[in-house]
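What follows is a set of notes on a single structure, which appears directly below.
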Amino acid sequence: MTTLEKKALSTGLDALDALEAESIHIFREVAGEFDRPVILFSGGKDSTLLVHLAVKAFAPAPVPFPLLHVDTGHNFDEVIDFRDTIVERLGLRLEVAKVQDYIDDGRLVERADGTRNPLQTQPLLDAIVEHRFDAVFGGGRRDEERARAKERIMSLRDAFGRWDPRKQRPELWNLYNGRHAPGEHVRVFPISNWTELDVWRYIQREQIELPSIYYAHEREVFRRDGMWLAEGPWGGPRGAESLEKKSVRYRTVGDGSCTGAVESTATTLDEIIAEVTASRLTERGATRADDRLSEAAMEDRKREGYF
């Protein structure tokens with residue numbers, strides 16, 4: 001039994017109530033301790049959950065900090081449309097750092113494999129410096145990937161945005177240390193203790209709207225490296241690859257060049273929850289090609305300043 005489950009039993013809360021309370025506590029702690037926080041928001045389910053929790057944390061007042069999207073330029077249209085709809089509906093301020101701008105002016109070079117996820121680091125770090133953000137909320141969860149599991153709720157980044165796992169601070173009794181020197185900043189993960197299944201159960205309970213591609217739909221896809229990828233500006237199919245129409249959905253969304261779909265007929269939240277419950281692979285392990293570059297791919301990128 002986890003600490004949160006024990007706490008839930010002792011307070012009469014259920015597990016989702018306890019997770020929600022912890023996340024809201026983290027948002028309020030950061031708002032009180034930092035001067036210029038920002039929420040990383042892509043329009044995906046985890047960042048949408050962050051926004052929902054932030055709205056709850058500060059209601060009836062507005063969310064007191066902006067959103068930041070590092071746009072690869074290879075996003076799914078449905079997700080970008082959803083992102084803009086949420087921002088307008090909630091009256092939030094959205095800052096966008098575009099990887100394409102960096103490629104156009106030569107600060108970054110397109111990778112041979114067409115994958116742009118690794119190219120997000122520099123635009124992210126530059127945006128943090130430009131806007132002087134001192135706390136950056138991310139939707140990382142410990143169950144996603146081994147490198148994610150190494151970080152605490154608050155993760156100190158040095159003046160170059162780099163993460164050193166040897167400098168982790170203890171977080172006893174829900175006490176979080178946000179102390180940082182000028183030029184440093186802190187990454188904050190309010191849903192670090194949530195699992196993919198927790199996220200979906202909470203989305204069902206709270207009736208949170210998501211991009212349509214999280215639900216099963218017909219799409220033309222092609223097979224590459226054991227994943228179903230969609231056709232798009234990132235290239236493909238190529239060689240012997242061919243498009244096939246499949247009933248698929250996305251467990252996670254990101255750069256289209258490396259985000260795979262899973263075959264599915266789950267069109268309702270009940271069906272998705274049943275599907276996730278039965279799955280033996282994490283969402284990133286099943287659908288993110290960029291995490292397959294090496295066993296330490298995510299940790300290497302996080303050390304450089306990635307999410």
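Note: hydrogens, waters and symmetry copies are ignored here, and every other heavy atom, side chains too, is used. Model, not experiment: these values are computed from the prediction. Positions are given from 1 along the sequence.
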(message) I'd like to know whether V199 forms a side chain to side chain contact (heavy atoms under 4.5 Å, CB included) with R141, so could you lay out the CA-CA distance, the side-chain angles of the two residues, the decisive distance to 0.1 Å, and finally the verdict.
(response) CA-CA 10 Å; V199 170; R141 304 189 324 269; 3.8 Å; yes
(request) Determine whether the aromatic ring centres of H185 and F34 lie less than 6.0 Å apart. (result) no
(request) Determine the minimum heavy-atom distance between V30 and A135, stating which atoms define it. (result) CG1-CB, 3.8 Å
(message) Between T267 and A216 (side chain of the first, backbone of the second, donor and acceptor by atom type, cut-off under 3.5 Å), is there such a pair?
(response) no
(request) Assess whether atom CD of E88 is packed by more than 12 heavy atoms of other residues, nucleotides or ligands within 6.0 Å. (result) no
(message) Between the side chains of E220 and K246, is the shortest nitrogen-to-carboxylate-oxygen separation below 4.0 Å, so that they form an ion pair?
(response) no
(message) Using every non-hydrogen atom in the two residues, find where V79 and P211 come nearest and quote the distance to one decimal.
(response) CG2-CB, 4.2 Å
(request) Would you check if I24 and K56 make a side-chain contact, meaning some heavy-atom pair closer than 4.5 Å? (result) yes
(request) May I ask you to decide if L16's main-chain N or O and R201's side chain share a donor-acceptor pair within less than 3.5 Å? (result) no
(request) Could you tell me whether the side chain of W200 reaches within less than 4.5 Å of the side chain of R205, counting heavy atoms only? (result) no
(request) With R152 as the cation and W163 as the aromatic partner, state whether NZ or CZ is under 6.0 Å from the six-membered ring centre and within 45° of the axis. (result) no
(request) Looking only at non-hydrogen atoms, find the nearest pair between R169 and G178 and report the distance. (result) NH1-C, 3.9 Å
(message) With rounding to the nearest 0.5 angstrom, report the CD to CD1 distance, E29 to I153.
(response) 12.0 Å
(message) Using side chain to side chain contact (heavy atoms under 4.5 Å, CB included), reason through I191 and E22 one step at a time and then give a plain yes or no.
(response) CA-CA 8 Å; I191 61 171; E22 179 187 60; over 6 Å; no
(request) Evaluate the side chain to side chain donor-acceptor pair (under 3.5 Å) criterion for residues Q120 and T72: first the C-alpha distance (whole Å), next the side-chain angles of each, then the deciding distance (0.1 Å), finally the verdict. (result) CA-CA 7 Å; Q120 290 177 288; T72 66; 5.6 Å; no
(request) List the steps and the verdict of side chain to side chain contact (heavy atoms under 4.5 Å, CB included) for N75 and D255. (result) CA-CA 5 Å; N75 299 285; D255 187 68; over 6 Å; no
(request) Assess whether side chain to side chain contact (heavy atoms under 4.5 Å, CB included) is satisfied between R116 and R111, documenting all intermediate values. (result) CA-CA 7 Å; R116 288 188 175 181; R111 291 167 54 95; over 6 Å; no
(message) For K45, is there any backbone N or O sitting under 3.5 Å from a side-chain donor or acceptor partner on Y214?
(response) yes
(request) Check step by step if ring-ring contact (aromatic ring centres under 6.0 Å, His included) holds for Y215 and Y250. (result) CA-CA 7 Å; Y215 300 88; Y250 287 84; over 10 Å; no
(request) Please report the shortest heavy-atom distance between E209 and T48, naming the atom on each side. (result) O-CG2, 3.8 Å
(request) Please determine, by modelled atom types, if Q122 and Y102 share a side-chain donor-acceptor pair under 3.5 angstrom. (result) no
(message) Under 4.0 Å between a side-chain nitrogen and a carboxylate oxygen: does that hold for K245 and E231?
(response) no
(request) For a side chain to side chain contact (heavy atoms under 4.5 Å, CB included) with L119, tell me which candidate from V70, V109, L108 qualifies. (result) L108
(request) With the side chain counted from C-beta on, respond yes when N177 and M154 share a heavy-atom pair under 4.5 Å apart, and no when they do not. (result) no
(message) Show, in sequence, the C-alpha distance, side-chain angles and deciding distance for R251 and S279, and conclude whether the side chain to side chain donor-acceptor pair (under 3.5 Å) test is met.
(response) CA-CA 11 Å; R251 290 177 65 182; S279 176; 3.2 Å; yes
(message) Is the shortest side-chain heavy-atom distance between Q100 and I103 below 4.5 Å?
(response) yes
(request) Answer yes when R224 and E241 have at least one side-chain N-carboxylate O distance shorter than 4.0 Å, and no when they do not. (result) yes
(request) Mark yes or no for whether E206, through its side chain, and I203, through its backbone, hold a donor-acceptor pair below 3.5 Å. (result) no
(request) Considering non-hydrogen atoms only, spot the tightest contact between G138 and L40 and give its length. (result) CA-CD1, 4.4 Å
(request) Kindly say whether the aromatic ring centers of F137 and F27 come within a distance under 6.0 Å. (result) yes
(message) With rounding to the nearest 0.5 angstrom, report the NE2 to CD1 distance, H52 to I86.
(response) 11.0 Å
(message) Would you say that V63 contacts L90 through its side chain, given a criterion of any heavy-atom pair below 4.5 Å between the two side chains?
(response) no
(request) Could you tell me whether the side chain of I213 reaches within less than 4.5 Å of the side chain of V253, counting heavy atoms only? (result) yes
(message) Quick check for you: to the nearest 0.5 Å, what is the distance between D46 atom CG and T252 atom OG1?
(response) 7.0 Å
(message) Can you tell me which residue among K98, E95, R83 is in a side-chain hydrogen bond (donor to acceptor under 3.5 Å, both in side chains) with H69?
(response) R83
(message) For the residue pair W194 / S23, report whether a side-chain donor-acceptor contact shorter than 3.5 Å exists.
(response) yes
(message) Under 4.0 Å between a side-chain nitrogen and a carboxylate oxygen: does that hold for D84 and R89?
(response) no
(message) So does G44 get a backbone contact from the side chain of S42, meaning a donor-acceptor N/O pair under 3.5 Å?
(response) yes
(message) I'd like to know if the side chain of W234 and the backbone of A230 have a donor-acceptor N/O pair within less than 3.5 Å.
(response) yes
(request) Using only heavy-atom distances, determine whether the side chains of Q204 and D270 contain a donor-acceptor pair under 3.5 Å. (result) yes
(request) Would you check if there is a donor-acceptor pair between the side chains of S192 and E151 at a distance under 3.5 Å? (result) no
(request) With the side chain counted from C-beta on, respond yes when V188 and Y176 share a heavy-atom pair under 4.5 Å apart, and no when they do not. (result) no
(message) Contact between T121 and P118 at the side-chain level, heavy atoms closer than 4.5 Å - yes or no?
(response) no
(request) Compare every heavy atom of P123 with every heavy atom of A97, then report the nearest pair and how far apart it is. (result) CB-O, 3.9 Å
(message) Would you say CZ of R36 has more than 12 non-hydrogen atoms from neighbouring residues, nucleotides or ligands within 6.0 angstrom?
(response) yes
